[in-house]
Each structure stands twice: as C-alpha cells, then as structure tokens.
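Predicted, not measured: the structure shown is a model, and the values here were computed from it. Chain identifiers are assigned alphabetically (A, B, ...) following the order of the sequence lines, protein sequences preceding nucleic acid strands; residue numbering begins at 1 within each chain.
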Number of protein chains: 2
Amino acid sequence: MSPNTSSAAALKRAHAACAARGLAFTPIRQRVLQLLLEHEKGLKAYDLLALIKAEQPGATPPTVYRALDFLTEHHLAHKIERNATFVACTQAGHATPSLFLVCPQCGAVTELQDKSVMQALCRSLAAAGHRLDDPEVEIAAICPDCRAS
Amino acid sequence: MSPNTSSAAALKRAHAACAARGLAFTPIRQRVLQLLLEHEKGLKAYDLLALIKAEQPGATPPTVYRALDFLTEHHLAHKIERNATFVACTQAGHATPSLFLVCPQCGAVTELQDKSVMQALCRSLAAAGHRLDDPEVEIAAICPDCRAS
DNA sequence: GACATGGATGTGATGTTATAACATCGCGCT
DNA sequence: AGCGCGATGTTATAACATCACATCCATGTC
C-alpha cells in the first residue's frame, strides 16, 4: 500500500466518522488532516500554517489551531506535547488507549497499542488513588533507525 | 515532617549531591530549587521569573531558564512537558525511572515509582525495536482530590 | 421571503514559553 | 599580571498559542 493510498483511506474514514456524528468536516479541516497524514513525523502548528498559507494566503494562527482543536477533540489527530507537534491518528477507531513513542533524536512518532502495559499502568495508578484520564501517554524512546546510528 | 523541614532537607541533599559531583550550586540555582520545593504543584518559568525578580530585579528569562536547565540536567528538578511546569525532584536519588502523574484538573504532580510497570513498558518498547531514552514518563491522571469533587 | 440562530471562519492584536547572541564578571591557575 | 572558563547580565527575538470581535453562511421557523 503506498503512503498516498493509506492517506486517502484515512481521509475517507475521517469523512465517514464525521458524517456519522453530525460533525462538519469542512475544507480547512480536511486539508489540515491531509497534510498531517502526508507528514508522518508530524508537523508543528506554524509549519502547518505555512503550508496552508501557500494555498490560502489569508490563513493565520487561529485558522490552523481551530482545525487542530477540532481534529484532536474528535480523535482524528493527536498532539505530541513533548514537541508541540501534531500527528494524524493512524489507528482506525483507536478504541483502546495508545502509547506514543517519540524519538528524541529524529522526532518520529510511533503509535503503539499494548493492552497489558496499559492495564499494568492503570492498576498502578489506581493503587495510588488516581484514575487514568487522557489515554494518550507519551514516552521518549530512541527509534530503531536512530538506534542503528 | 513539616513541608519546610522536608524542603530544607531536600536542599541539603542537593547541596551534597552537587559537592560530590563537583557542580556549582550557585545562589540562583539554590533559590530556584528552593522556590520549586515550596510550590508543590510546580511553577511555570515565568512565574518563577516573577518571584526571582522580586528579589533580584535584573532577572530575565535566561536567568531562570539557565537555572532550570542546570537543575533538570542534574536531576534535581523535572520539567512537566504537558504543562510547561517545573517541579523539584522529591525522590532522594531517584535511581529508578519515574512515572509522573499529572492531574489535568488541578495540575498536581505525583512522582510514582513502579518497577513492574516500567519493566512492562520497556519490554513492550523493546518488542517494537525501541529503547527507552528519557526515563521520565508523564501520564494524565485525575488525582484523588479532584476525583472526589 | 424575512429573519433569527449558531457554528465556522476572517482578522488583528496579544499573551505565553523559550532561546539566540554577545558582553561581562569572577575565580582558579600558572 | 594574564589567561581560561563557567556563570551571569543584557538585549532582542523566535516559537507556540489564544483572545476578542466581526462576518459569513447554512438551516429552521414563522
């Protein structure tokens, strides 16, 4: 499957998800998601803004932040807090909580699903009286490519 | 043990650790650590700056960022990426990797040590070809106080 | 058709977080 | 004294994010 194909498929899924939930998947929102899908390592808000501006000169920070708010709110994209970057969500429905492995060298983000780890985590939290809130956990981990070098 | 006492003890430990490693624990660095110790929920860099400025009017952003860099580099404080806040390290030597539970409601930070969770995490990462880099993992979890309300 | 409503977007300014770049100080060393 | 070097001072700016208010436009209602 070429990157292009999977990106198109993801966009289609997003379309369907919005339709099903009565959400307005407007051109700006689509375009932002598409750009995120095309950039596997994620994009910073202002890089995204620059890309959008090339097509739509009137774009300003709120233009992209609003789209990003929409996408993250509806789980079509994630914000990597560590780097202030945004990535498209690659897991279809990502019903289960995700681990995000962020490579501190190159910035690559890998979305990992590991039920047993998450369970262990939740048990540990519960023992401390806490309750997991945001099921998106970021972890700094050297990626295989950077490990090699 | 009163907060004051433990804060003083932590400062003393930091002093000793710096002496042992030949690091300059300068007045600014001490003061910043002390302020972090006095504010359990952590401080933002610019709030810290305001506090420092009250005592030392010439202080500027680099003044505090340098002190914070020093403290985090030498594991005397941690940066909570999620909130861009800084907290003093409360674990004596924190030889083992830590989980930081960050309450998204109130911002409280709890440092948790759970070997088994970390092991599970490392196993999972290794299976994906990654290697844990920064042993400080942040997790959003509602704290007991906020859970109650 | 007129018109209210509410979400989406446009627009300009501002707030917040962090670093760059270069000067200076002060201390230990020879 | 003169040097080297880490810490600090100082000015400016980069990078990330939000506020506030105006406007547009699709939809429902009378």
Quick one: B/Gln30 CD to D/dA7 P, roughly how many Å, whole number? 14 Å

Tested for side-chain contact (heavy atoms from CB on, under 4.5 Å) against B/Val137, the lone hit among A/Leu99, A/Val137, A/Leu121 is A/Val137

B/Glu55: what forms a salt bridge (charged side-chain N to carboxylate O under 4.0 Å, His left out) with it, not counting sequence neighbours? B/Arg31

Would you tell me if any nitrogen or oxygen in the side chain of A/Lys79 comes within less than 4.0 Å of OP1 or OP2 on D/dA17? yes

Does D/dA15 have its OP1 or OP2 closer than 4.0 Å to a side-chain nitrogen or oxygen of A/Lys44? no

Over how many whole Å does the gap from B/Leu49 atom CG to D/dT11 atom P extend? 14 Å

Rounded off to whole Å, could you give me the CD1-to-P distance for the B/Ile80 and C/dA18 pair? 12 Å

Which part of the nucleic acid, if any, lies within contact of B/Ala59, taking any heavy atom under 4.0 Å across all strands shown: a base, the sugar-phosphate backbone alone, or nothing? nothing

Identify whether any heavy atom of A/Glu81 sits under 4.0 Å from a base atom; if not, whether one sits that close to sugar-phosphate; answer base, sugar-phosphate or nothing. nothing

Residue pair B/Gln113 / B/Ser98, side-chain donor-acceptor N/O under 3.5 Å: yes

Rounded to the nearest Å, what distance is computed from the CZ atom of residue B/Arg31 to the P atom of nucleotide D/dT8? 15 Å

Which heavy atom of A/Val117 sits nearest a heavy atom of B/Ala120, and at what distance? CG2-O, 3.5 Å

Write down the distance between NE2 (B/His74) and C1' (D/dG6), rounded to a whole number of angstrom. 12 Å

NA contact type, B/Thr60, heavy-atom cut-off 4.0 Å: base, sugar-phosphate, or nothing? base

Is it the case that the base of D/dA14 and the side chain of A/Tyr46 share a donor-acceptor contact (distance under 3.5 Å, atom types as modelled)? no

Please confirm whether the shortest side-chain N or O distance from B/Gln56 to OP1 or OP2 of D/dG9 is below 4.0 Å. yes

A/Thr26 has a side chain; which of C/dT11, C/dA18, C/dA8 sits nearest to it? C/dA8

Side-chain contact check for B/Pro62: nearest option of D/dT10, D/dA17, C/dA18 is D/dT10

Send over the distance from B/Ile28 CD1 to D/dT8 C1', rounded to a whole Å. 6 Å

Counting only distance, no hydrogens or angles, is the base of D/dG9 paired donor-acceptor with the side chain of B/Arg66 under 3.5 Å? yes

Could you tell me the separation between the CZ atom of B/Arg29 and the P atom of D/dT8, rounded to a whole number of Å? 5 Å

Between C/dG10 atom P and A/Lys53 atom NZ, what is the distance in whole Å? 13 Å

5' priority, DNA chain D, between B/Pro27 and A/Asn83 [closest heavy atom]: B/Pro27

For the pair B/Leu112 and B/Ile139, evaluate side chain to side chain contact (heavy atoms under 4.5 Å, CB included) and give the outcome as yes or no after the intermediate values. CA-CA 11 Å; B/Leu112 185 69; B/Ile139 299 171; over 6 Å; no

